[in-house]
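Have a look at the structure below before the remarks.
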2 protein chains.
Amino acid sequence: MKGKPDYNIPEPTLRRLPRYYNYLKALLNRGREVVSCTHIGKDLELDPPQIRKDLAYTGIRGLPKVGYQVEELIKSIEDFFGWNNIDEAFLVGVGNMGRALIDYKGFSRYGFKIIAAFDNDSEVIGKTFNGIEVLALNKLTSLCKRMNVHIGVIATPDHAAQEVADMMIAGGIIGIWNFAPAEIRTPEGVIVQNENLAAGLSVLCKKLQMLKQSGKIRQEVIE
Amino acid sequence: MKGKPDYNIPEPTLRRLPRYYNYLKALLNRGREVVSCTHIGKDLELDPPQIRKDLAYTGIRGLPKVGYQVEELIKSIEDFFGWNNIDEAFLVGVGNMGRALIDYKGFSRYGFKIIAAFDNDSEVIGKTFNGIEVLALNKLTSLCKRMNVHIGVIATPDHAAQEVADMMIAGGIIGIWNFAPAEIRTPEGVIVQNENLAAGLSVLCKKLQMLKQSGKIRQEVIE
DNA sequence: TAGAAATCGAGAAAAATTTATCGATAAAAA
DNA sequence: TTTTTATCGATAAATTTTTCTCGATTTCTA
Ligand SMILES: NC(=O)c1ccc[n+]([C@@H]2O[C@H](COP(=O)([O-])OP(=O)(O)OC[C@H]3O[C@@H](n4cnc5c(N)ncnc54)[C@H](O)[C@@H]3O)[C@@H](O)[C@H]2O)c1
Ligand SMILES: NC(=O)c1ccc[n+]([C@@H]2O[C@H](COP(=O)([O-])OP(=O)(O)OC[C@H]3O[C@@H](n4cnc5c(N)ncnc54)[C@H](O)[C@@H]3O)[C@@H](O)[C@H]2O)c1
């Protein structure tokens, strides 16, 4: 584990790093200057060696007996992900989820910005949300090309997902953040990140079911 | 891998099963009666033995040379998760995300139902979304107890997450589906499922960055 | 009805990920 | 100044998850 980040980073690590980031930001707000993996581990219920390994991927080095400078660590994670260079994205499907994503201010922290939205419903086309005008779907491909946008967000119903993905890819999009519960077929070189909320929900409910069956449920709950 | 499901199921399996489910539902709609792991594997880009192993957890048995009955397989997954018994939940934080979740019809398929919503903003309290009236936050704990609800959804800003979680837990909630990018401390016996959208986004953007750096980007994209 | 082809289930092997260990080092305490 | 303590980085061990292998079974074809 050398200082320089390598290019074979475990996906679980990639998912934990933003968690550390949020946590560290909160820590900084509370005025903390240094933090150790032991300390982080207590709050996040993770093992210190794992945290150390994760953080090392960003290229930071800690100090024995002390830990890391919080500010430096935050910067290290930001640089690792490149959150200072903004990734611009198009979003398709301006329904409930699409609007939530468009309105959300929190993504700017992650160097992510939705710069245009598309829909095929004339009711929403022309409307503006968070300063972003909703355009007609048929402009998607050409605008992708023209504006050199490489990331697309799919927030349409599942049955439209493949069609929309195809239009995006035709426009040169190589990264798709997909909220529709549908399988998208893409050519080599296109990365699809499925945001399957139902999967998270299912895991929760199943764990709960197993907890209940094991009889280890909290006393006070079963009245 | 016996017929009966065991109680030590890998989480990746738990996350893949709803994916198979969606896929199989779509397959059934198109009139398909049987399907093999080889076939599923092609469409979902997964290895057949893994799919076989995943499906075996639900207790189903396939037939050599044939595969599985699609309908039977769907039912097997439903039974495994217990999607026929409805899990009722309370949601707190009726903003963009909260409303998207309340309005979403798709969760009924997963035996999940939001039966009440809470907020602390008088602007939203009293309003109704998808037949669900928004109640004042101070009624949360007592109503949890009274209605014997065990699942809570947090869709408030991050700074309110811990406070809301505490109120839920006081009311007897043992499963929390958390959309706020905040760490929630809970006592033993409470399961927290963090739905960290920023993590998914970060993974996508980082993969894209690595793809670009590796020079393996699609020709047609770099004009 | 015999042989070929496809697929399953089970278990082994490989790979990835997490957890544990240990010497080195910096800070604090004696 | 010396000792003690906490923590790091690196590496090793353990665990989990994925991938591979192979004999058994069922269907299809000839
Ligand atoms: N809302 C949720 O909480 C939630 C949860 C899990 C998954 N999802 C998934 O996210 C996606 C969006 O959900 P939603 O609740 O916002 O749905 P929605 O019905 O509110 O919005 C869908 C939008 O897509 C537009 N659309 C439909 N077909 C289109 C097409 N071919 N091209 C462009 N736009 C098209 C519609 O006009 C509409 O504006 C769905 O696939 C849904 O299954 C949503
Ligand atoms: N919208 C998105 O796309 C998105 C993406 C990622 C994460 N999130 C997270 O999901 C959460 C909700 O996001 P949103 O966009 O819906 O925010 P929002 O601001 O639209 O809604 C937040 C709601 O919570 C209510 N609220 C605030 N404090 C409360 C309290 N103490 N008790 C009860 N209710 C309270 C507010 O009145 C408001 O109705 C946030 O934590 C956000 O970071 C949202």
Side-chain angles (χ1 to χ4, degrees), chain A residues 1-17 19-20 24 27 32-70 72-73 76-77 80 199 203 206-207 210, chain B residues 1-17 19-20 24 27 32-70 72-73 76-77 80 199 203 206-207 210:
Chain A
M1 205 107 315
K2 285 293 158 47
K4 275 289 171 63
D6 77 28
Y7 296 103
N8 191 25
I9 300 146
E11 189 156 326
T13 295
L14 249 27
R15 294 193 68 93
R16 278 190 301 266
L17 282 169
R19 235 185 115 193
Y20 300 141
L24 292 165
L27 221 55
R32 196 164 178 104
E33 293 187 353
V34 292
V35 69
S36 71
C37 290
T38 320
H39 187 107
I40 301 177
K42 268 208 192 84
D43 286 345
L44 269 56
E45 299 188 43
L46 291 170
D47 287 318
Q50 174 163 87
I51 299 170
R52 216 168 279 139
K53 208 171 264 192
D54 288 340
L55 297 180
Y57 277 108
T58 70
I60 199 159
R61 293 192 65 88
L63 221 59
K65 172 81 184 188
V66 180
Y68 308 83
Q69 296 291 320
V70 176
E72 200 186 330
L73 192 42
S76 183
I77 296 174
F80 171 77
V203 170
K206 185 65 192 180
K207 282 184 178 172
M210 295 193 293
Chain B
M1 206 106 314
K2 286 290 159 46
K4 275 287 173 60
D6 75 28
Y7 295 104
N8 192 23
I9 300 146
E11 190 156 323
T13 295
L14 249 27
R15 295 193 68 93
R16 279 190 298 266
L17 282 169
R19 233 183 116 194
Y20 301 140
L24 292 165
L27 220 56
R32 197 167 177 102
E33 293 187 354
V34 293
V35 68
S36 71
C37 289
T38 320
H39 188 107
I40 301 178
K42 268 209 192 83
D43 285 346
L44 269 56
E45 300 186 46
L46 291 170
D47 286 318
Q50 174 162 86
I51 299 170
R52 217 168 278 138
K53 210 168 262 193
D54 287 342
L55 297 180
Y57 277 108
T58 70
I60 199 158
R61 293 192 65 89
L63 222 60
K65 171 82 186 190
V66 180
Y68 308 83
Q69 297 291 322
V70 177
E72 200 186 330
L73 192 42
S76 183
I77 296 174
F80 170 78
V203 169
K206 184 67 191 177
K207 282 183 178 171
M210 295 192 295

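Per chain, numbering begins at 1; letters A, B, ... match sequence-line order. Only this structure's heavy atoms are used, side chains among them; waters, hydrogens and symmetry mates stay out.
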Worksheet item: Closest approach of Ile40(A) and Tyr20(A), non-hydrogen atoms and distance?
Response: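 Closest heavy-atom pair between Ile40(A) and Tyr20(A): CG2-CD2, 4.3 Å.
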Worksheet item: Rounded to the nearest 0.5 Å, how far does CZ of Arg19(B) lie from CG of Leu46(B)?
Response: 5.0 Å
Worksheet item: Which distance, rounded to the nearest 0.5 Å, do you find between the OG1 of Thr13(B) and the CG of Leu55(B)?
Response: 9.5 Å
Atom-to-atom span, [atom1] of [X] to [atom2] of [N] - whole angstrom:
X: Ile60(B); N: dA10(C); atom1: CD1; atom2: C1'; answer: 18 Å
X: Tyr57(A); N: dA16(C); atom1: OH; atom2: C1'; answer: 10 Å
X: Asn8(B); N: dT16(D); atom1: CG; atom2: P; answer: 7 Å
X: Gln50(A); N: dT15(D); atom1: CD; atom2: C1'; answer: 13 Å
X: Ile9(A); N: dT18(C); atom1: CD1; atom2: C1'; answer: 18 Å
X: Asp54(B); N: dC8(C); atom1: CG; atom2: C1'; answer: 15 Å
X: Ile51(B); N: dT7(C); atom1: CD1; atom2: P; answer: 12 Å

Response to the item:
Quick note, Arg61(B) side chain, CB onward, closest among dC8(D), dA26(C), dG9(C) is dG9(C)
Item to complete: For Ile9(A) and Lys206(B), run side chain to side chain contact (heavy atoms under 4.5 Å, CB included): C-alpha distance rounded to whole Å, both residues' side-chain angles, the deciding distance at 0.1 Å, then the answer.
Response: CA-CA 10 Å; Ile9(A) 300 146; Lys206(B) 184 67 191 177; 4.3 Å; yes
Worksheet item: Taking N and O atoms by type only, does the side chain of Lys53(B) place a donor or acceptor under 3.5 Å from a partner on the base of dT19(D)?
Response: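 It does, because a donor-acceptor pair links the side chain of Lys53(B) to the base of dT19(D) below 3.5 Å.
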Practice prompt. Examine the base of dT25(C) for any acceptor or donor lying under 3.5 Å from a partner atom in the side chain of Lys65(A), and report the outcome as yes or no.
Written response: no
Worksheet item: Do any side-chain nitrogens or oxygens of Tyr68(A) fall under 4.0 Å of OP1 or OP2 in dG9(D)?
Response: yes
Worksheet entry | Phosphate OP1/OP2 of dT21(D): any Arg52(B) side-chain N/O under 4.0 Å |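 Checking Arg52(B) against dT21(D): no side-chain N or O falls below 4.0 Å of OP1 or OP2.
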Worksheet item: Tell me, which of residues 37-49 of chain B have any heavy atom that sits under 4.0 Å from an atom in DNA chain C?
Response: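 Listed by number, they are Cys37(B), Thr38(B).
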Practice prompt. State, with a plain yes or no, whether a side-chain heavy atom of Tyr68(A) is found less than 4.5 Å away from one of Arg52(A).
Written response: yes
Worksheet item: Are Leu24(A) and Ile77(A) side-chain neighbours, meaning at least one heavy-atom pair lies under 4.5 Å?
Response: yes
Practice prompt. Could you give me the CA-CA distance, side-chain angles and deciding distance for Phe80(B) and Leu14(B), then say whether side chain to side chain contact (heavy atoms under 4.5 Å, CB included) is met?
Written response: CA-CA 10 Å; Phe80(B) 170 78; Leu14(B) 249 27; 3.9 Å; yes
Worksheet entry | Upstream residue (5' side of DNA chain C) when Glu11(A) and Pro64(A) are each assigned their closest nucleotide |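 Taking each residue's closest nucleotide, the earlier one in sequence belongs to Glu11(A).
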